[in-house]
Amino acid sequence: MSRSQLGWNRVRSRWKALRPKLGRKAFCFRLPLSSPLPAGEGSGVRELRAKDKRGEQMAKQHNMPEELYRLRHSLAHILAQAVLERYPEAQPTIGPPVENGFYYDFAVAKPFTPEDLEVIEGRMKAIVKGRHAFTCREVTVEEARGLFAHNPFKLELIEGLVAGQGDDMGEEEEPPPAPPAPPAPRPPGEGGKSASAISVYTQDTFTDLCRGPHVGSTQEINPEGFKLTSTSGAYWRGDEHKAMLQRIYGVAFKTRQELDDYLRLLEEIEKRDHRRLGKDLDLFHIDSTVGPGLVLWHPKGALIKQMSEDFCRQEHLANGYQIVSTPHVGRAVLWETSGHLDFYKENMYSAMEMDSTDYYVKPMNCPFHIMIYNSTIRSYRDLPIRYAEWGTVYRFERAGVLHGLLRVRGFTQDDAHIFCSAAQMPAEIDRTLKFGLHILRSFGFERFNAYLATRPVKSVGEAARWDEATEALRHTLERCELPYELDEGGGAFYGPKIDLKIRDAIGREWQCSTIQFDFNLSERFDMSFINEKGERERPYMIHHALLGSMERFMGVLIEHYAGAFPLWLAPLQVMIIPIADRHVAYANQVAGQLQANGMRVQVDDGAERMQNKIRKAQSQKVPYMLVVGDKEQAAGAVAVRLRTGEDLKTMPLEQFIAHAVPIMKSRAASL
RNA sequence: GCCCUCGUAGCUCAGCCGGCAGAGCAACCGCCUUGUAAGUGGUCGGUCGUCGGUUCGAUUCCGACCGAGGGCUCCA
């Protein structure tokens, strides 16, 4: 009785745990569409399509089929209608389609509750079934101002349109920087000029300022294909200095089936969650007594992390890097020179005063590596110099951004700094990028996306040098034939960078590697080398972290493999399972031989029966389970079971060793 | 940092409108000596996140704080 009840409880608890998260946009990655959608369309859509040519363009910008764009955008409006019916005083602001669904932000006196969501969703379904047409109307500026006279947010959008800032309805990548002027009477000529740009869409009782496109009628929407998932706060125009609005998220697809597929995908994501697996597999924990964002690695997790680092260290040494090691704190003057106290202070832990001098815990390793470089005179013959360190840094992150291992306050970087001449620079960047891809591939990642991040607002250095450096990075990307996207303003304060994002087993994207061009720190630290002509010359610098943060990388690795690590990284590689007590001695003998071959082995000599031991080893995702009983003992053999459930049957121990050891040594991704 | 939600045994969770806390798993002690995902009996285990308030009485209601989760903003 208890078994079936337990099973049901488990299902229920999983479902409950999932529900509040249905709409979460995954942390730093994009969810793939669970399946590509047919390009068919209703007749109503076809009509509208002729009108707004921009539909296709908008959909493309949002990286989704136009049909889905219309569907989700329309559901956002229907959501707003349902909310306004329940809370007439609510002020709708913006409501764009997003990947997998849509949201709408409202200014309301009281935040929405989960019960609200159920009611609103029910009302939305009724509206959808009401077969209401979506109609578009172009209005003059005056008319628009009149229509939305009660809504300061819409008025702000209208004034933005009038000012020619584009139709920012929450759908542009970049919100306009300047706050628009308050609505004021305008000369008649001006209003007329911009009037053609303003359109409103109406369905049933709801009219919204909107550029479209939408479905022709709500009958094109499947009432079983969408679901409201969560609420949250969101700043008006994403600006934390502006009003806090209340956002409702929904997911939406053409069919019930696709919605269900998506929900299943979320369940899969839930199962892979590194926080869950970190606990289940006893890898690490984050203890509130120690402090948020500070990771305690348990033996198994520490082993995986250590082996990953060891492998990378060997690769760095084999590729012309020298390993260095530097302190965790340094005097304030170091950080003044580097510029960190000017540009990075809000991310640094506060100063510690010792002997009337301020010391800071390091948020980055670079100044220390520079001090090593500067400890002696360097010749052009020494270059390039490549220093690497697994340096632990601390950055003060705002409480709300912390997330398991993926965003922490203390982490170890596989941090390297390359000092070279201007002439060596292009080749070094090329080499670094290739080296980075090699490292990532070694961990089983095959697909990458590259981003070229350009100069941020808060930065140091002349514009011309920024341009030059950015071009150098761009050329490397082109030479390596790596497709890339531009990340405007995403660079470090000292230089532009290439970020590599890896795609994991279920298509999610994670930022790990960063390769940064730096022409500023060498200046600030007055670095030099003696060139061929006997003159002092400034070296160029490349910063790179390939796995990035070991903490984050471990999190990504856990999710990528769903905790079933490749053999070379599995903390326990073989569990030996004696069937009865009389087989324990033989099991220990087998363990000894495997250990002699460099494998990590354990004998489960507990009192449970074999089935239970298999179950335990299986749920710990141990790659190999070797069952030994009378037959095996007599034959000097082992019965091999893989964690995949596959049974390799009985084989001589030597044969198992010949099978497993090469897989371990080759760091193969699968068993 | 901001908005919302949550915080009960090592883990997963029950505990309706306030009346001295419950299950399964795990752990521990036995019995069973087992053939590919849970054999069986018993025992132990909780100042119900912390601190205040309301109340005759608070795990339950209210407030503050701490922490977590989902977002916003920010990033390796």
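Owing to the predicted nature of the structure, the values given are computational and were not obtained by experimental measurement. All chains are named by letter (A, B, ...) in the order of the sequence lines, taking the proteins before the strands, and each is independently numbered beginning at 1.
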Enquirer: Would you measure the distance from the C1' atom in B:rG18 across to the matching atom in B:rC56 and give it in whole Å?
Expert: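 Approximately 12 Å lies between the C1' atom of B:rG18 and that of B:rC56.
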Enquirer: Centroid separation under 6.0 Å, is that true for the rings of A:His340 and A:Phe493?
Expert: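 Ring-ring flag for A:Phe493/A:His340: true, centres closer than 6.0 Å.
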Enquirer: Pick the P atom in B:rU40 and in B:rG49, then give their distance to the nearest Å.
Expert: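 My reading of the P atoms in B:rU40 and B:rG49 gives 33 Å.
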Enquirer: Could you work out the separation of B:rC6 and B:rG41 based on their C1' atoms and round it to a whole Å?
Expert: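 It works out to 38 Å between them.
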Enquirer: Looking at B:rA37, I'd like to know if its phosphate oxygens (OP1 or OP2) sit under 4.0 Å from a side-chain N or O belonging to A:Asn612.
Expert: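 Answer no for this pair, as no side-chain N or O of A:Asn612 is under 4.0 Å from OP1 or OP2.
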Enquirer: Does A:Arg641 make a side-chain N or O approach to OP1 or OP2 of B:rA37 shorter than 4.0 Å?
Expert: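 Result: yes.
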Enquirer: Suppose you measure atom P in B:rU47 against the same atom in B:rG42; what distance do you get, rounded to whole Å?
Expert: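 Nearest-Å result for B:rU47 against B:rG42 at atom P: 26 Å.
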Enquirer: Compare side-chain N and O positions of A:Tyr249 against OP1 and OP2 of B:rC4 and report whether any pair is under 4.0 Å apart.
Expert: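 So the side chain of A:Tyr249 is outside the cut-off, no N or O lying under 4.0 Å from OP1 or OP2 of B:rC4.
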Enquirer: Take atom P in B:rC20 and the same atom in B:rA64, then report the distance between them in whole Å.
Expert: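 29 Å, rounded to whole Å.
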Enquirer: Does OP1 or OP2 of B:rG69 have a side-chain N or O of A:Arg275 closer than 4.0 Å?
Expert: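 Answer yes for this pair, as a side-chain N or O of A:Arg275 is under 4.0 Å from OP1 or OP2.
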Enquirer: Could you work out the separation of B:rC65 and B:rU12 based on their P atoms and round it to a whole Å?
Expert: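 So the two P atoms sit 27 Å from each other.
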Enquirer: When the P atoms of B:rA58 and B:rC48 are considered, how many whole Å apart are they?
Expert: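 These two P atoms come out 11 Å apart once rounded.
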Enquirer: When the aromatic ring centroids of A:His316 and A:Phe435 are compared, is their separation below 6.0 Å?
Expert: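 Between A:His316 and A:Phe435, the centre distance is under 6.0 Å.
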Enquirer: Are A:Phe411 and the base of B:rA76 stacked, counting only ring centres nearer than 5.5 Å and planes tilted under 30°?
Expert: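 Aromatic stack with B:rA76 present for A:Phe411.
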Enquirer: For B:rC75, take OP1 and OP2 only and decide whether either is under 4.0 Å from a side-chain N or O of A:Arg398.
Expert: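 For B:rC75, OP1/OP2 do not have a side-chain N/O of A:Arg398 under 4.0 Å.
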Enquirer: Check whether any side-chain N or O of A:Lys616 sits under 4.0 Å from OP1 or OP2 of B:rC25, and answer yes or no.
Expert: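 Checking B:rC25 against A:Lys616, no side-chain N or O comes under 4.0 Å of OP1 or OP2.
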